[in-house]
Amino acid sequence: EIMIEMGLASREIVIECLNAQTEIDQKGKGHIQLGALLVERGYITMGQLEKALEKRVEKGKLSGEEKRSIMERLKAVDRLEEVKDADLVIEAVFENFDLKKEVFAQLGKMMPPNTILASNTSALPATPLAAASGRPDKFIIIHFHQPPQVMRLIELVRAIQTSEETAKTAREFCKKIDKDVCELKV
């Protein structure tokens, strides 16, 4: 999985995904690559992710070994071309409809046909974003409630065109990271 943009919410989502995968697969599989599409705008850095994890260690919510394991599986990239093998991309840019459409148009062109494109939006409609991707059957909203390290709920919002296979894969992803799913279809 990759995250597009690294704001505060996406930082916590990444940590939740990696922490859950640590518990699922102690062999280090499930490497997550972080793609920061808007690097020039100065979003969360690897150092800030490490600092957030250290706070969890200090509070006893994470062991030092778990922190180390998570950091080993993080890979920061500057260009989306570096993560073309992702099975799932979760976009988390700020709630700007035109920007999100632009991001999904780019992703739809560059990612392999099997890649699921997801948005973390809480307010924007799924169907136009799906259409912008050029692969509407592979689009879904995976909305993490905030703060994701506390809230177990994830809303899955299908676009009109979202395939059953895409919805099933998104549900499985949410279960793997130990979240409760509420599904909506618009």
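We number each residue from 1, following the sequence as shown. Worth knowing before you read on, the calculation uses all heavy atoms, side chains too, and leaves out hydrogens, waters and symmetry mates.
Counting only residues at least two apart or on different chains, no ring pair (Phe, Tyr, Trp, His ring centres under 6.0 Å) pair has a member in residues 47-74.
Residues passing the side-chain hydrogen bond (donor to acceptor under 3.5 Å, both in side chains) test with T169, sequence neighbours excluded: none. Scanning for salt bridge (charged side-chain N to carboxylate O under 4.0 Å, His left out) contacts around E54 gives K67, with sequence neighbours left out. Residues forming a salt bridge (charged side-chain N to carboxylate O under 4.0 Å, His left out) with E95 (at least two apart in sequence, or on another chain): K100. Here T127 pairs with nothing under the side-chain hydrogen bond (donor to acceptor under 3.5 Å, both in side chains) rule; sequence neighbours left out. Remark: T166 engages S163 in a side-chain hydrogen bond (donor to acceptor under 3.5 Å, both in side chains) (not counting sequence neighbours). Every salt bridge (charged side-chain N to carboxylate O under 4.0 Å, His left out) that K168 has, sequence neighbours left out, goes to E172. Residues satisfying the ring-ring contact (aromatic ring centres under 6.0 Å, His included) criterion with F144, sequence neighbours excluded, are absent altogether. In this structure E58 satisfies the side-chain hydrogen bond (donor to acceptor under 3.5 Å, both in side chains) test with no other residue, sequence neighbours excluded.
No donor-acceptor distance shorter than 3.5 angstrom exists from the side chain of E72 to the backbone of S69, with no hydrogens or angles considered.
Tracing side-chain contacts under 4.5 Å through hydrophobic residues (I, L, V, M, F, W, Y), one reaches F94 starting from L107; they form part of the same cluster. Cluster membership for V157 and I160, using ILVMFWY side-chain heavy atoms within less than 4.5 angstrom, is not shared.
Minimum heavy-atom separation, F97 to P128: CZ-CB, 3.5 Å. Across L153 and C182, no two heavy atoms sit closer than the pair CD1-CB, 3.8 Å. Annotation for T162 and A167: closest pair CG2-N, 4.3 Å, computed over non-hydrogen atoms.
Going from atom NE2 of H143 over to atom CD1 of I90 covers 12.0 Å, rounded to the nearest 0.5 Å. Taking NZ from K179 and CZ from R152, the interatomic distance works out to 7.0 Å, rounded to the nearest 0.5 Å. Taken to the nearest 0.5 Å, the CG atom of D180 stands 10.0 Å off from the NZ atom of K175.
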- Task: Could you check Q146 against M151 for side chain to side chain contact (heavy atoms under 4.5 Å, CB included), going step by step and ending with a plain yes or no?
- Result: CA-CA 6 Å; Q146 299 299 319; M151 302 298 288; 5.9 Å; no
- Message: Run the salt bridge (Lys or Arg N to Asp or Glu O under 4.0 Å) test on R171 and E164 for me, step by step, so that the C-alpha distance in whole Å, both residues' side-chain angles and the decisive distance to 0.1 Å come before the verdict.
- Response: CA-CA 10 Å; R171 269 192 309 276; E164 189 57 43; 3.5 Å; yes
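L184 is not listed as a side-chain neighbour of L156, based on a closest heavy-atom distance of 4.5 Å or more. Residues L117 and L129 have side chains not in contact (no heavy-atom distance under 4.5 Å, counting atoms from C-beta outward). Using a 4.5 Å cut-off on side-chain heavy atoms (C-beta onward), K61 and Q149 make no contact.
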Report all side-chain donor-acceptor pairs from residues 131-142 shorter than 3.5 Å, counting only partners two or more places apart or in another chain.
unit_1	atom_1	unit_2	atom_2	d
S133	OG	A130	O	2.6
S133	OG	R135	N	3.1
R135	NH1	P112	O	2.6
R135	NH1	T115	O	3.1
R135	NH2	G108	O	3.0
R135	NH2	M111	O	2.5
R135	NH2	P112	O	3.4

